[in-house]
Amino acid sequence: MNRFHRFCSRHRWAPPVMALVCIGFCRLVAPSVDDVVFWMLCGALFMLSLVCGSSSTYVLQNTAIRTMNDQCDPFPLLEETNRQLLYVKNRSNRQLLSLNRCAALIEAGYFEGAVTELEKINIDDPTPPSIGRYVYYHNLTCATLACGQTEKAEVYYHEATRLYDDLRGKTQEKMRPLYVSLIADRHLCYGEYQQAYDLLSPMQPTTQLSRMHRTYSLGRIALAQGDTATARTHLEYVMQNGGRTHLVHDAQKLLE
């Protein structure tokens with residue numbers, strides 16, 4: 001199945017061509033079928049074939065995203081987006097690929113590269129869904145905070161906050177854990193450890209990756225507050241379960 005998705009993603013002309021061949025074959029073997037019904041079915045088949053390439057592109061990306069979230073390994077997503085950016089031409093698809101590539105760069109610890117690439121993206125052309133705009137500024141804030149670029153981070157943070165406030169219903173609810181972690185990261189950047197702890201302590205992470213980020217932050221907080229035993233417990237857990245994210249290296253540095 002993965003080979004099929006790869007083929008459709010790379011050769012987007014192939015599904016429509018195969019659909020046309022199937023239509024011609026069906027007409028030959030079933031000439032008595034009512035013309036209206038036949039052409040309605042053919043139209044549906046052809047339209048489905050047109051979206052097959054984009055769908056396969058998303059499937060391949062989403063598989064790599066799940067690997068990053070569940071196994072704390074950003075490199076499959078980095079490899080997948082690099083590969084697809086070589087042949088995907090659709091501008092909306094390329095924008096999404098670039099955003100996902102930068103998310104992988106951040107988790108791998110390439111913060112400066114992520115900032116550079118994110119700032120090159122024109123997020124208004126083409127205009128993504130509201131959730132995509134929020135994620136863009138969320139990731140810019142995270143990357144600039146990690147680089148120590150606090151002035152830039154403040155600008156991006158306030159834009160991310162505005163976009164989050166504009167989200168509605170289930171969309172905002174879905175983004176809430178991400179937004180809370182962003183606020184906590186900002187508090188940590190300014191040494192406001194108790195405020196960060198109050199936000200992170202009640203959180204219930206839904207993925208292994210978010211669990212590692214929360215645990216690492218709690219370790220930083222405990223260390224800053226002089227609770228070295230708790231800090232060691234948190235940081236060692238990250239080192240053992242953080243996969244190939246930058247968190248493992250960062251936790252090791254703190255332990256040393």
Side-chain angles (χ1 to χ4, degrees), residues 64-78 100-118 135 137-157 160-161 175-256:
I65 289 171
R66 282 195 298 272
T67 299
M68 183 169 76
N69 287 334
D70 297 339
Q71 301 177 29
C72 297
D73 188 354
F75 289 95
L77 180 58
L78 196 57
N100 284 335
R101 170 179 156 78
C102 289
L105 285 173
I106 291 170
E107 297 302 337
Y110 303 123
F111 304 117
E112 292 183 0
V115 171
T116 300
E117 292 194 27
L118 283 167
V135 170
Y137 283 102
H138 173 100
N139 287 352
L140 261 174
T141 306
C142 290
T144 47
L145 282 174
C147 291
Q149 301 175 12
T150 52
E151 289 186 9
K152 277 187 177 182
E154 282 298 302
V155 174
Y156 296 138
Y157 171 77
T161 297
M175 288 293 103
R176 178 164 176 73
L178 205 62
Y179 181 59
V180 170
S181 70
L182 181 66
I183 301 173
D185 283 347
R186 182 170 174 267
H187 282 309
L188 285 172
C189 180
Y190 291 113
E192 299 166 352
Y193 298 109
Q194 189 58 48
Q195 292 93 322
Y197 179 82
D198 290 342
L199 288 167
L200 294 171
S201 180
M203 285 183 65
Q204 298 294 326
T206 57
T207 67
Q208 180 73 348
L209 182 61
S210 60
R211 183 175 297 108
M212 290 303 103
H213 276 283
R214 175 181 179 272
T215 305
Y216 174 72
S217 294
L218 290 174
R220 285 180 60 188
I221 293 167
L223 190 62
Q225 295 177 336
D227 187 352
T228 54
T230 299
R232 179 175 295 277
T233 299
H234 286 316
L235 296 174
E236 286 180 345
Y237 184 79
V238 172
M239 287 182 61
Q240 294 166 7
N241 299 280
R244 294 205 287 170
T245 64
H246 70 90
L247 297 170
V248 172
H249 177 260
D250 293 347
Q252 184 175 10
K253 285 178 63 177
L254 286 183
L255 275 172
E256 291 171 356

Sub-4.5 Å side-chain heavy-atom contact between N139 and C102: no
Straight-line distance of F75 CZ to M68 CE, nearest 0.5 Å: 11.5 Å
Between M212 and Y237, is there a side-chain heavy-atom distance shorter than 4.5 Å? yes
Can you tell me how far the CZ atom of R244 sits from the SG atom of C72, to the nearest 0.5 Å? 11.5 Å
For the residue pair H187 and Q195, confirm or rule out a side-chain donor-acceptor distance under 3.5 Å. no
Give, for atom OG1 of T141 and atom CG of D185, the distance between the pair rounded to the nearest 0.5 Å. 10.0 Å
Kindly give the heavy-atom pair with the smallest separation between A64 and L77, and that separation in Å. CB-CA, 3.5 Å
Quick one: closest heavy-atom pair of Y216 and V238, and the distance? N-CG2, 3.7 Å
Is the CZ atom of R232 crowded by more than 12 outside heavy atoms at less than 6.0 Å? no
Nearest heavy-atom pair of R214 and S201: which atoms, and what distance? NH2-O, 2.8 Å
For M239 and L255 the tightest heavy-atom approach is SD-CD1, 3.1 Å
Taking every heavy atom of M175 against every heavy atom of V135, the minimum-distance pair comes out as SD-CG2, 4.1 Å
Please walk me through it: do T150 and Y190 pass side-chain hydrogen bond (donor to acceptor under 3.5 Å, both in side chains)? CA-CA 9 Å; T150 52; Y190 291 113; 5.0 Å; no
Got more than 12 heavy atoms from elsewhere within 6.0 Å of CD, Q194? yes
In Å and rounded to the nearest 0.5 Å, what is the CG to CD distance from N69 to E107? 8.0 Å
Is the backbone N or O of D227 less than 3.5 Å from a side-chain atom of T230, with the two atoms forming a donor-acceptor pair by type? no
More than 12 heavy atoms of other residues, nucleotides or ligands under 6.0 Å from OH of Y110: is that the case? no
Please confirm whether R186 makes a cation-pi placement over Y157, using NZ or CZ under 6.0 Å from the six-membered ring centre and within 45° of the ring normal. yes
Close side-chain approach of P177 to T206, heavy-atom, < 4.5 Å: no
When rounded to the nearest 0.5 Å, the distance separating CG of L199 from CD of E192 is 10.5 Å
Looking at side-chain heavy atoms only, is the closest gap between L188 and R220 below 4.5 Å? yes
Once you round to the nearest 0.5 Å, how far does SG of C189 lie from CG of L145? 5.0 Å
Heavy-atom closest pair, residues A231 and L223: CB-N, 3.6 Å
Can you check whether R101 reaches P74 side chain to side chain, under 4.5 Å on heavy atoms? no
What I'd like to find out is whether the side chain of M203 reaches to under 4.5 Å of the side chain of V180, using heavy atoms alone. yes
Verify ring pair (Phe, Tyr, Trp, His ring centres under 6.0 Å) between F111 and H246, making sure each step is shown before the conclusion. CA-CA 10 Å; F111 304 117; H246 70 90; 4.9 Å; yes
